[in-house]
Amino acid sequence: MRPLPRYLAVVMPKSHCHSKNKDTAGREHPLTRNSPPTANIPCPAPWENQKGSWGCRCCPGAKRQASGEGQASSLPLSTGSNCVKYLIFLSNFLFSLPSLLALAAGLWGLTVKRSQGIGWGGPVPTDPMLMLVLGGLVVSVVSLSGCLGAFCENSCLLHWYCGAVLFCLALEALAGVLMVTLWKPLQDSLKYTLHAAIIHYWDDPDLHFLLDQVQLGLQCCGAVSYQDWQQNLYFNCSSPGVQACSLPASCCINPQEDGAVVNTQCGFGALGLDQNVAGQVVFLQGCWPALQEWLRGNTGAIGDCAVAVVMIQGTELLLAACLLRALAVHEAAEDIEAGPL
């Protein structure tokens with residue numbers, strides 16, 4: 001009788017596959033190629049012993065399955081670790097909802113602009129829709145990585161999440177330092193942006209909407225004064241169009257004129273009126289002085305919001321670090337419990 005082929009001897013473990021055959025006299029013989037099939041050979045399939053080592057940590061408990069029958073199940077996470085896990089999941093899930101909504105709105109806005117033949121670039125340094133897409137994409141990716149990393153107990157995702165939060169904190173600190181050191185150039189840039197928005201008011205629907213909201217919210221008109229609208233080709237008094245010497249409806253003191261519908265012609269001819277007469281119809285103060293006054297009055301609230309955002313990010317970072325430590329301790333305990341194979 002010839003011995004088993006080499007490839008069969010490799011596949012079948014020695015501890016189980018070296019089964020014995022007994023003849024009628026009770027003598028044992030090793031299995032050979034010509035031996036009859038045996039029903040009670042305790043040889044598991046090769047992938048069963050590898051199931052635990054190949055298990056993925058993408059889902060909870062995938063790596064914690066017992067590798068053999070009768071082996072005790074793995075130890076669960078402690079109550080405190082589970083609380084931290086679901087707290088990270090819930091907070092990041094709540095952050096991911098508005099970020100995904102902003103991403104969808106930005107993509108929709110860019111799609112509409114492209115369908116109308118408007119290019120990606122605009123008269124202002126950054127396209128508002130593009131900024132909305134980038135901001136929503138970054139926040140949603142970081143938040144979803146925190147959700148999946150906590151829920152699936154995935155150490156790789158949690159490490160990536162911690163690195164992303166640290167990077168965001170570093171960027172926010174750098175932005176704060178730059179705002180303090182470069183406040184005068186930032187003011188000049190913002191004033192230039194207001195003038196550019198006035199000039200290209202009808203060229204970009206995003207600028208149209210944003211400038212209207214600024215003028216309505218701050219109750220202002222133009223950049224420095226309402227006469228800045230003379231820079232616009234359509235509102236200039238020398239323009240041959242019907243809007244010559246007029247102002248947008250967002251400059252009017254009462255654009256609805258006690259009605260439900262906005263009167264888009266409330267500012268017609270306002271640039272040609274005397275200043276005292278025009279002051280009864282439209283706002284005379286520019287948006288830049290009004291914006292400076294608003295910033296001075298809300299500096300404390302803006303600082304409180306910035307501190308709150310940093311504290312939330314720092315708390316999320318600490319919770320993720322605690323969960324990573326708990327997972328490392330839990331994995332070490334599982335390895336000790338499993339013992340040598």
Under the side-chain contact (heavy atoms from CB on, under 4.5 Å) test, residues paired with H195 that sit two or more places apart: K191, A223, V224, D228, Q231
Aromatic ring pairing W202/F235, orientation class (parallel under 30°, perpendicular over 60°, tilted between):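 The arrangement is tilted - the two ring planes meet at 30° to 60°.
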Nearest heavy atoms of [X] and [Y], plus distance in Å:
X	Y	result
P248	D212	CB-OD1, 4.4 Å
Q243	F268	CG-CZ, 4.4 Å
C266	P255	SG-CA, 4.1 Å
L211	L194	CD1-CD2, 4.5 Å

Joint cluster assignment, [X] & [Y], ILVMFWY side-chain distance < 4.5 Å:
X	Y	value
M179	V307	no
L216	W288	no
L87	L323	yes

Partners meeting side chain to side chain donor-acceptor pair (under 3.5 Å) with [X] (sequence neighbours left out):
X	answer
N298	none
S99	none
S246	none
Y161	N92, E316

Set of residues satisfying ring-ring contact (aromatic ring centres under 6.0 Å, His included) with respect to H159, sequence neighbours excluded: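 Partners of H159 by the ring-ring contact (aromatic ring centres under 6.0 Å, His included) criterion come out as none, since no residue qualifies.
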With sequence neighbours excluded, residues passing ring-ring contact (aromatic ring centres under 6.0 Å, His included) with F89: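 Result, ring-ring contact (aromatic ring centres under 6.0 Å, His included) vs F89: F151.
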Can you tell me how far [atom2] of [Y] sits from [atom1] of [X], rounded to the nearest 0.5 angstrom?
X	Y	atom1	atom2	answer
L158	I88	CG	CD1	6.5 Å
L247	L271	CG	CG	4.0 Å
M129	T111	CE	OG1	11.0 Å
N236	N232	CG	CG	8.5 Å

Shared-cluster residues of F167, by chain and number - hydrophobic side chains joined below 4.5 Å: L171
Test item: S189 side-chain N/O and P185 main-chain N/O as donor-acceptor pair under 3.5 Å: no
Listed once per pair and sorted, the side chain to side chain donor-acceptor pair (under 3.5 Å) pairs that draw on residues 167-188, sequence neighbours left out: E172-Q313, K184-D188
Other residues, nucleotides, ligands: >12 heavy atoms within 6.0 Å of Y201 OH: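 Correct, the count exceeds 12.
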Contact list for residues 163-250, test disulfide bond (SG atoms under 2.5 Å apart), sequence neighbours left out: C220-C287, C221-C251, C237-C245
Name every donor-acceptor pair, under 3.5 Å, that has one atom in a side chain of residues 140-147 and the other anywhere in the protein, sequence neighbours excluded.
| unit_1 | atom_1 | unit_2 | atom_2 | d |
| --- | --- | --- | --- | --- |
| S140 | OG | G136 | O | 2.7 |
| S140 | OG | L137 | O | 3.0 |
| S143 | OG | V139 | O | 2.8 |
| S145 | OG | V141 | O | 3.3 |
| S145 | OG | V142 | O | 2.6 |

Check against side-chain contact (heavy atoms from CB on, under 4.5 Å), L295 and I302: CA-CA 9 Å; L295 288 174; I302 295 173; 4.0 Å; yes
Counterpart residues, disulfide (SG to SG under 2.5 Å), relative to C162 (two or more places apart):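 So C162 forms no disulfide (SG to SG under 2.5 Å) with any residue.
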